[in-house]
Amino acid sequence: MATNFIRDIIDAELAAGKHDAIVTRFPPEPNGYLHIGHCKAIFTNYTIAQDYGGRFHLRFDDTNPSKEDMSYVEAIVKDLSWLGVEWGDNLFFASDYYRQLYEWAVYLIEQGKAYVDDLSPEAVKSYRGTLTRPGRNSPYRDRSIEENLTLFQGMKNGDFPDGSKVLRAKIDMAHPNLNMRDPTIYRILHHHHYRTGDEWCIYPMYDFAHGQGDAIEGVTHSLCSLEFENHRPLYDWYIENLPVPSKPRQIEFSRLNLTYTVMSKRKLLRLVQEGHVSGWDDPRMPTLSGFRRRGYTPEAIREFARRVGVTKQNQVVDIALLEFCLRQDLEAKAARRMAVLDPIKVTITNFPADTVEWYQGPNLPGDESMGFRKVPLTRQIYIERDDFMVDPPPKFFRLAPGREVRLRYACYITATDYKVDRDGNVVEILAQFDPASRGGSTPDRRKVKGTIHFVSATENVPFQVRLYQSLFNQEDPDSDGDFIDNLNPHSLKVVNAFGEPRLAEARVGDVFQFERKGYYCVDPDTTPTNPVFNQTVSLRDSWKRRQGRQLRIRN
RNA sequence: AGCCCGAUGGUGUAAUUGGCAACACAGAUGGUUUUGGUCCAUCCAUUCUAGGUUCGAGUCCUAGUCGGGCUGCCA
């Protein structure tokens, strides 16, 4: 089983008899869509609960009604369900605790540990001090408990306008940790809440809601990302100073970043709003809905989350690792089909017209239990344009004048001639097949170095294919200037392709391996007359890599 | 500048807690192959620096260096 520093801590606590059970949680704010970075948080919390035989809670951290709504809750639930994460009855909302939180705020006032402050937001800011200078006490800091109680009650009753007052914890305005300089507990916000309606016009801050929510639910380990590290003293302060039913422990780990990707909600939102992508579920987006539409599998994402590990080091993972996990998963389960994405016609001159010969290919090579499909061969076929070269370089094993190759599952053909247009582009290839090679081998057992895929020019299914490259052309899109300037103008390319007949049965969401090309899935934009496939991920291509290297050497 | 955190191949993680720096991805080379895929083999490190403790240090101590976070009535 994978281990990490958090599990080491839990092991030690368990050995010391500190817990009866382990309880973790994933606490999304319903104000945006889940992305691949969240998966790390989701699975570290989820797998720890699973592996230790504990509970996993899903809690929506909805303490800011001005940004949150139900559509996000639904989208997040859908994404988590797709990932295979299960929380059973343990679905909670921070808004479920508003009443309890309010009572605890009153308790702090009664203890002389909280006060109502009339300072304006600007004044609060100037009183806070700076990174290097201590802050000053608010002139309202020493109001009597009675006055604070009355004022806070008034805040709750709607007696005061937004921003006119806040409730603050009375801690230490000179504390070196800014979060401890009398942090805000409640602010006035006359805003409709998607769950509590207009019941409240004051809402608790994150810091006042999170740890207490954990304590109410009996969460033992509140695992979150590094930027909350400086909040831990405050998290602990509330837990220590409130009569909470349990004492959760917050442990922080680093966020996941990916090369060639931006991961903040704000930046993803900008990509959508400025129209650089078609929406949150654009297949180029690192959102879960984007990956789902792209054809990624939950298994691949889960494996990826397992492999990246959990530490406190700033983490930038090579996107190639995600693609590796995907290929590994799809290699074992995607049915094989043939499709030609950049077609050039081949006429097999010694093959009769108006005849169709049917060959057979396995759905999954090496696993006959997955069955076979029939593949038609006709006099005219399409092959990939880059599978033919008039003047091939060394080590080119595909079709060329006088060269023989195998048409996958079918037979051997030898190029005898080709036709060019006025510009010298090859427009058609003429070839002859060896009747003795039917099935893909010959009695004389002669070797052919290359096997290429093909699609009948008459027995096929035409469709649109959307080819993708990374959205950004910089490994770190934020490295120089505005990340928008590093958008890859070639991230989407649409082509018209031809596929083998069985592809007519493909349904939205199905993923296939187009042999020798990559994995492709059926996009929701598909209509009965216009099938659309997304390139999920290409196959590794050592030939292309080799060519790229040759090009680099020449230039 | 004050506080907090981090530092092991190109990348991400390990290292039986003081005992031969391991695994994966990426990259390179070769083999197998009816997918130039898969699979298999081989190669790829002064553990940030300098001192110190020790028979022995990635691990402990001291001093630096570099990187990240924090001045919302966001989460």
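What you see is a predicted model; the values in this text were computed from it and never measured. Chain A is the first sequence line, chain B the second, and so forth, proteins listed ahead of strands; every chain is numbered from 1.
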Open item on the list: Measuring centre to centre across the rings, with the benzene-like ring taken for any Trp, is A/Phe304 within less than 6.0 Å of A/Phe324?
Closed with: no

TODO: Looking at every strand, decide which applies to A/Tyr203 at a 4.0 Å heavy-atom threshold: base, sugar-phosphate, or nothing.
DONE: nothing

Open item on the list: Mind checking if A/Val166 touches a base, just sugar-phosphate, or nothing, with heavy atoms under 4.0 Å?
Closed with: base

TODO: May I ask you to say what A/Leu539 touches in the nucleic acid, namely base, sugar-phosphate or nothing, with a heavy-atom cut-off under 4.0 Å?
DONE: base

Open item on the list: So, OP1 or OP2 of B/rG12: does either fall under 4.0 Å of a side-chain N or O from A/Gln315?
Closed with: no

TODO: Measure from CD1 on A/Ile383 to P on B/rU35 and round the result to the nearest Å.
DONE: 17 Å

Open item on the list: Classify A/Gln513 by what it touches in the nucleic acid, base, sugar-phosphate, or nothing, heavy-atom distance under 4.0 Å.
Closed with: base

- [ ] Quickly work out the A/Tyr519 OH to B/rU35 C1' distance and round it to whole Å.
- [x] 10 Å

- [ ] Nearest-nucleotide wise, let me know which of A/Tyr409 and A/Arg307 is further upstream toward the 5' end of RNA chain B.
- [x] A/Arg307

TODO: Write down the distance between CG (A/Leu256) and P (B/rU11), rounded to a whole number of angstrom.
DONE: 16 Å

- [ ] For A/Val448, report the nucleic acid contact type (base, sugar-phosphate, nothing); a contact means any heavy atom under 4.0 Å.
- [x] nothing

Task: Nucleotide B/rU11, atom P - distance to CG of A/Asn314 in whole Å - done: 13 Å

Open item on the list: Applying a 4.0 Å non-hydrogen cut-off, can you work out what A/Ser437 is touching in the nucleic acid: base, sugar-phosphate, or nothing?
Closed with: nothing

Task: Span that lies between the C1' atom of B/rU49 and that of B/rU65, in whole angstrom - done: 7 Å

- [ ] Sticking with atom C1', work out how far B/rA22 lies from B/rU47, rounded to a whole angstrom.
- [x] 13 Å

Open item on the list: Quick check on B/rG6: syn or anti? Syn means the glycosidic torsion is within 90 degrees of zero.
Closed with: anti

Task: Sugar-phosphate, base or nothing in reach of A/Arg128, heavy atoms under 4.0 Å - done: sugar-phosphate

Task: Nearest to side-chain heavy atoms of A/Val317, which nucleotide of B/rG69, B/rC25, B/rG12 - done: B/rG12

Open item on the list: In the structure I gave you, are the side-chain heavy atoms of A/Val340 and A/Arg385 within less than 4.5 Å of one another anywhere?
Closed with: no

- [ ] Using a cut-off of strictly less than 4.0 Å, decide whether A/Ser542 has a side-chain nitrogen or oxygen near OP1 or OP2 of B/rG37.
- [x] yes

- [ ] Would you classify B/rU17 as syn or anti? Syn applies when the glycosidic angle is within 90° of 0.
- [x] syn

Open item on the list: With a 4.5 Å cut-off on side-chain heavy atoms, are A/Trp358 and A/Val375 touching?
Closed with: no

Task: Stem segments of RNA chain B by first residue number [Watson-Crick or G-U, under 3.5 Å, at least 3] - done: B:2-7 with B:65-70, B:10-13 with B:22-25, B:27-31 with B:39-43, B:48-52 with B:60-64

Task: Protein-nucleotide distance (A/Arg545, atom CZ; B/rA26, atom C1'), rounded to Å - done: 9 Å

TODO: Could you tell me whether A/Ile319 contacts a base, only the sugar-phosphate backbone, or nothing, with contacts defined as non-hydrogen atoms closer than 4.0 Å?
DONE: nothing

Task: Side chain to side chain, A/Met180 and A/Leu234, heavy atoms closer than 4.5 Å - done: yes

TODO: Between B/rG12 and B/rA45, how far apart are the C1' atoms? Round to whole Å, please.
DONE: 15 Å

TODO: Tell me whether the OP1 or OP2 atom of B/rG72 has a side-chain N or O from A/Arg187 closer than 4.0 Å.
DONE: no

Task: Any N/O donor-acceptor pair, A/Arg398 side-chain to B/rG36 base, under 3.5 Å - done: yes

Open item on the list: Between A/Tyr519 and A/Gln513, is there a side-chain donor-acceptor contact under 3.5 Å, judged purely by atom types and distance?
Closed with: yes

TODO: Looking at every strand, decide which applies to A/Phe228 at a 4.0 Å heavy-atom threshold: base, sugar-phosphate, or nothing.
DONE: base

Task: A/Arg136 side-chain N/O to B/rU71 phosphate OP1/OP2 under 4.0 Å - done: no

Open item on the list: On the nucleotide B/rG27, are OP1 or OP2 found under 4.0 Å from the side-chain N or O atoms that A/Arg540 carries?
Closed with: yes

Open item on the list: Taking 5.5 Å and 30° as the limits, would you call A/Trp543 and the base of B/rG36 a stacked pair?
Closed with: yes

Open item on the list: Within the 4.0 Å heavy-atom criterion, would you say A/Phe324 contacts the bases, only the backbone, or no part of the nucleic acid?
Closed with: sugar-phosphate

Open item on the list: Let me confirm one number: the NZ-CZ distance from A/Lys449 to A/Arg406, rounded to the nearest 0.5 Å.
Closed with: 11.5 Å

Task: Separation of atom CZ in A/Arg546 from atom P in B/rG30, rounded to whole Å - done: 7 Å

- [ ] Using a 4.0 Å heavy-atom cut-off across all strands, classify A/Pro365 as base, sugar-phosphate, or nothing.
- [x] base

- [ ] Using a 4.5 Å cut-off on heavy atoms from C-beta on, say whether the side chain of A/Asp182 contacts that of A/Asp172.
- [x] no

- [ ] Would you indicate, yes or no, if B/rG36 has its OP1 or OP2 atom less than 4.0 angstrom from a side-chain nitrogen or oxygen of A/Arg516?
- [x] yes

Task: B/rG58 versus B/rA26 - spacing of their P atoms, nearest Å - done: 30 Å

Task: A/Arg195, CZ atom: more than 12 neighbouring heavy atoms under 6.0 Å - done: yes

Open item on the list: When you measure from the side-chain N and O atoms of A/Thr451 to the phosphate of B/rU35, is any distance below 4.0 Å, counting only OP1 and OP2?
Closed with: no

Open item on the list: On a heavy-atom basis, which atom in A/Phe26 and which in A/Pro28 lie closest, and how many Å separate them?
Closed with: O-CD, 3.1 Å

Task: d(CD, A/Glu515; C1', B/rU33) in whole Å - done: 13 Å

TODO: Would you kindly check if the NZ (Lys) or CZ (Arg) of A/Lys312 is within the cone defined by 45 degrees around the ring axis of A/Phe253 and under 6.0 Å from the six-membered ring centre?
DONE: no

TODO: Classify the nucleic acid contact of A/Thr130 as base, sugar-phosphate or nothing, counting any heavy atom under 4.0 Å across all strands shown.
DONE: base

- [ ] Could you state the atom-to-atom distance from CD of A/Glu303 to P of B/rU13 in whole Å?
- [x] 16 Å

- [ ] Report which part of the nucleic acid A/Ser441 touches: base, sugar-phosphate, or nothing (heavy-atom distance under 4.0 Å, all strands).
- [x] base

TODO: Please work out if A/Asp61 contacts a base, only the sugar-phosphate, or nothing of the nucleic acid, heavy-atom cut-off 4.0 Å.
DONE: sugar-phosphate

Open item on the list: Please report whether the ring centroid of A/Tyr206 lies less than 6.0 Å from that of A/Phe228.
Closed with: yes

